[in-house]
There are 2 protein chains.
Amino acid sequence: MARTGQRHATLRAIAQSAGVDVSTVSRVLNGSPEDAQRAASRQTAEEIRQWAARLNYRPNPHAASLRTRRSNLIGVLVPRLSDLVLATVYEGIEDAAARHGMTTFVMNSRDQAAEQRERTELALSRRVDGLIFGDAHIDGAFLDDIAGQQVPFVLVNRRAGDHPAVTCDDYEGGRLVAEHFLELGHTRVGVIAGEPFASTGIDRTTGFLDRYREAGVDVPASRVVHSHFDAAGGRAAADRLLRSRARPTAIFAVNDFAAIGALGALRDQGLRPGHDVAIAGYNDTPLAAELPIPLTSVRSPMHEMGARALELLLRVLAGEPAASERLTPALVVRASSENAPAAT
Amino acid sequence: MARTGQRHATLRAIAQSAGVDVSTVSRVLNGSPEDAQRAASRQTAEEIRQWAARLNYRPNPHAASLRTRRSNLIGVLVPRLSDLVLATVYEGIEDAAARHGMTTFVMNSRDQAAEQRERTELALSRRVDGLIFGDAHIDGAFLDDIAGQQVPFVLVNRRAGDHPAVTCDDYEGGRLVAEHFLELGHTRVGVIAGEPFASTGIDRTTGFLDRYREAGVDVPASRVVHSHFDAAGGRAAADRLLRSRARPTAIFAVNDFAAIGALGALRDQGLRPGHDVAIAGYNDTPLAAELPIPLTSVRSPMHEMGARALELLLRVLAGEPAASERLTPALVVRASSENAPAAT
DNA sequence: CTGAAAGCGCTTACAG
DNA sequence: CTGAAAGCGCTTACAG
């Protein structure tokens, strides 16, 4: 065993060096400021802190967790970490967690119910204080279940039922795209709607369709097609939309990667994005602006969503009121949606 | 405090139910198979296991870690988790870790020396058994330092010095691209070389240049430009390459995202990838095949690299011999590099 | 095959 | 302001 030896000193070592009891050292080093105050004179406290620095003291989190029954550990579930959207959300979670002295770990559920259960069970066996789910399904049976077991958790990116959630205002984001397409004069439009179980796709689609309905345009169901949230899924969905006889002149993909797939599908049919067919995506991923044909997209505050979800969970853990939050999206118009409908 | 109460039984509860000592329960439930064998009769063992199942026993990892001084925790450092390459490598690490009953957590270092130190220190204070670095810098001063402190670690994706590492054979990958360009007849070529401190960029570039040299073509230094590993970086680098009077007819970007940026730069100049200028990337990310102009790229086994790195670290922790591994890349030719040099 | 005991490094109620 | 003690849930050398 390549062991690393005694890298960190213990409270006891410091107590012996400073000639005080370990309980005093504990209160000075790891207690609340008030605890530290009343635990030792300024002089003693200072001496303890110096010994701690000299001996490279770091509290042993396993010992503390065992004693306090608080692990300062948060489990995070996402569909796939290699999805940039979730990776960015997780970065937000992790940054906020670090600020609050919490540790997080993340696992993929691949949007599979069995994996969600299994990973949650695993997190619980690791004694997490709480969980953040980035993979909620709109039906929410699983979540109701574990809420019933008093497991503290919040949702991020996707909402479900009345569980506390931090999301983008996806409904509003969908409306923004509709507004934009309407201004350009498009009335024959299509939607690449994402997974039917994800609130993101559902709300973005609903917002879009509602805004069109308000403008007096009913988008037929045949022009709303579900898809995976990736380029291959977007390509397949776009192929279906473009094959219909009355081809849409504008397509809203509820995800940037799906939009990139749609761009490819257009090209295969000899159609030019932003000329023959307008395309808009969602999330404004860093790639959107850098594509050969820059992609119109709805900016969503992915990093901030993650950070706020972590802070919402902290409130849940503290027993404070924890209301869901909906962050504001913003439309970013680029070359992929510059065209009015062709004069066909 | 929204506490979750007693979710899991303890050894003691099981011992009382089964009418045996907790040490026996421990050996049966958590010991090695041999331990379990000699710790109790088949009958007693069976009874203990039934009680464990009935009471939903899960060993408390904090208690076990405190006692054994082994946390089964691995810290992982990456430049950015929102970089798809690293996210995929991490998925490989995490999958392998789960198979071995280890927990991992991941942190961004943003390729900054100060953050590398700080995050490593944080991981150590969490009492990880070892570390995996996906953010090694070729100079390796920091790594030499912590190797000197006997911290067990391995590298993944990027190599440095003689530290055990699991990488793609990047040199060979660079050669594959050169071979391909040479077959098409390109002699005026450019390289978007990535960060100067990353072995990935260095080795891919060196392999490419060496193969050209062997073919009797010396690529001038002015046609090798460094870049960030993202689309914006690739676009900036491509702009520089295309501005020179003797424009390259083929460009190798050592990263798919940089290649996508280069695609955009070409288009801005009215050049068609795969017609006027050939483009190749690296990693064969899922997007490459789905782009409007599908991208030629070198496939690297990102997920497998991660899994193997975890297993290499396990060997290091066990004190077994741990040799570096270089996984084999493969060229995937697509439309972005179909052209011979223009007859200018 | 089984048990009793010690101890990992903390925290915290109690006492002074 | 400071200390002594108990105990969180495990593992493991020792003894029988």
Side-chain angles (χ1 to χ4, degrees), chain A residues 1 3 5-48 52 55-72 101 125-127 129, chain B residues 1 3 5-48 52 55-72 101 125-127 129:
Chain A
M1 268 294 291
R3 291 308 305 155
Q6 279 310 121
R7 185 179 315 287
H8 297 113
T10 62
L11 285 185
R12 186 141 63 104
I14 295 168
Q16 284 171 344
S17 300
V20 296
D21 190 81
V22 324
S23 59
T24 304
V25 181
S26 173
R27 287 186 276 246
V28 168
L29 258 23
N30 302 333
S32 65
E34 308 87 71
D35 267 8
Q37 275 273 308
R38 81 188 58 148
S41 65
R42 280 180 55 84
Q43 160 116 7
T44 313
E46 190 46 41
E47 210 168 321
I48 287 171
L55 299 177
N56 191 30
Y57 175 73
R58 295 290 181 287
N60 183 318
H62 306 299
S65 297
L66 180 58
R67 181 55 229 240
T68 62
R69 303 159 162 294
R70 248 230 171 217
S71 63
N72 293 319
S125 75
R126 306 255 198 251
R127 307 303 199 267
D129 289 334
Chain B
M1 267 296 291
R3 291 308 307 156
Q6 280 309 122
R7 185 180 315 288
H8 298 113
T10 63
L11 285 185
R12 187 142 62 104
I14 295 167
Q16 284 170 343
S17 300
V20 295
D21 190 79
V22 324
S23 59
T24 302
V25 181
S26 173
R27 287 186 275 248
V28 168
L29 257 24
N30 302 333
S32 65
E34 309 86 71
D35 267 9
Q37 274 273 307
R38 83 188 56 149
S41 64
R42 282 179 55 83
Q43 160 116 5
T44 313
E46 189 46 40
E47 210 169 321
I48 288 169
L55 298 177
N56 192 30
Y57 174 73
R58 294 289 181 286
N60 183 319
H62 305 299
S65 296
L66 180 58
R67 181 54 229 241
T68 62
R69 302 156 161 297
R70 250 231 168 215
S71 63
N72 293 319
S125 77
R126 305 253 199 252
R127 305 304 199 270
D129 290 334

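FYI, side chains are in, hydrogens and waters are out, and symmetry mates aren't considered; it's all heavy atoms of this structure.
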Answer yes or no: side-chain N or O of B:Arg27 and base N or O of C:dG3 forming a donor-acceptor pair under 3.5 Å.
yes
Separation of C:dA15 atom P from A:Asp21 atom CG, nearest Å, is 17 Å
Using heavy atoms and a sub-4.0 Å distance, could you list which residues of residues 36-46 of chain A are near DNA chain D? By number, please.
A:Arg38, A:Ala39, A:Ala40, A:Ser41, A:Thr44
At their closest point, which heavy atom of A:His62 faces which heavy atom of A:Asn60, and how far apart are they?
N-OD1, 2.8 Å
Between D:dC8 atom P and B:Arg7 atom CZ, what is the distance in whole Å?
19 Å
The residue, A:Val22 or B:Pro59, whose nearest nucleotide of DNA chain D is more 5′ is A:Val22
Any donor-acceptor N or O pair under 3.5 Å, side chains B:Ser41, B:Thr44:
yes
Indicate, with a heavy-atom threshold strictly under 4.0 Å, whether B:Ser23 touches base, sugar-phosphate, or nothing.
base
Verify the contact: side-chain N or O of B:Asn30 to OP1 or OP2 of D:dT11, cut-off strictly under 4.0 Å; return yes or no.
yes
In this structure, how many angstroms lie between the P atom of D:dT2 and the CD atom of A:Glu47, rounded?
10 Å
When you compare the side chain of B:Gln37 with that of B:Asp35, does any pair of heavy atoms fall below 4.5 Å?
no
All heavy atoms of A:Ala9 vs all of A:Leu55, minimum pair found to be CB-O, 3.4 Å
In whole Å, I'd like the distance from the NE2 atom of B:His62 to the C1' atom of D:dC8.
11 Å
Does a sphere of radius 6.0 Å around CD in A:Glu46 hold more than 12 heavy atoms from other residues, nucleotides or ligands, not counting ones at 6.0 Å or beyond?
yes
Whole-Å gap separating C1' (D:dC10) and CZ (B:Arg67)
8 Å
Does some side-chain heavy atom of B:Thr10 sit less than 4.5 Å from a side-chain heavy atom of B:Tyr57?
no
Measure the distance from CG on A:Leu66 to C1' on D:dC8 and round it to the nearest whole Å.
4 Å
Would you mind classifying the nucleic acid contact of A:Ser26 as base, sugar-phosphate or nothing, using non-hydrogen atoms under 4.0 angstrom?
base
For C:dA4, give its Watson-Crick or G-U wobble partner with both distances under 3.5 Å, or none.
none
To the nearest angstrom, the CG-P distance between A:Asn60 and D:dC8 comes to 18 Å
Spacing between A:Leu11 atom CG and D:dG3 atom P, to the nearest angstrom
14 Å
So, under a plain 3.5 Å distance rule, would you say the side chain of B:Arg127 forms a donor-acceptor pair with the base of C:dG9?
no
Below 4.0 Å: OP1/OP2 of D:dC8 and any side-chain N or O of A:Arg70
no
Looking at C:dG3, I'd like to know if its phosphate oxygens (OP1 or OP2) sit under 4.0 Å from a side-chain N or O belonging to B:Thr24.
yes
It should be established whether B:Arg58 places a side-chain nitrogen or oxygen under 4.0 Å from OP1 or OP2 of nucleotide D:dG9.
no
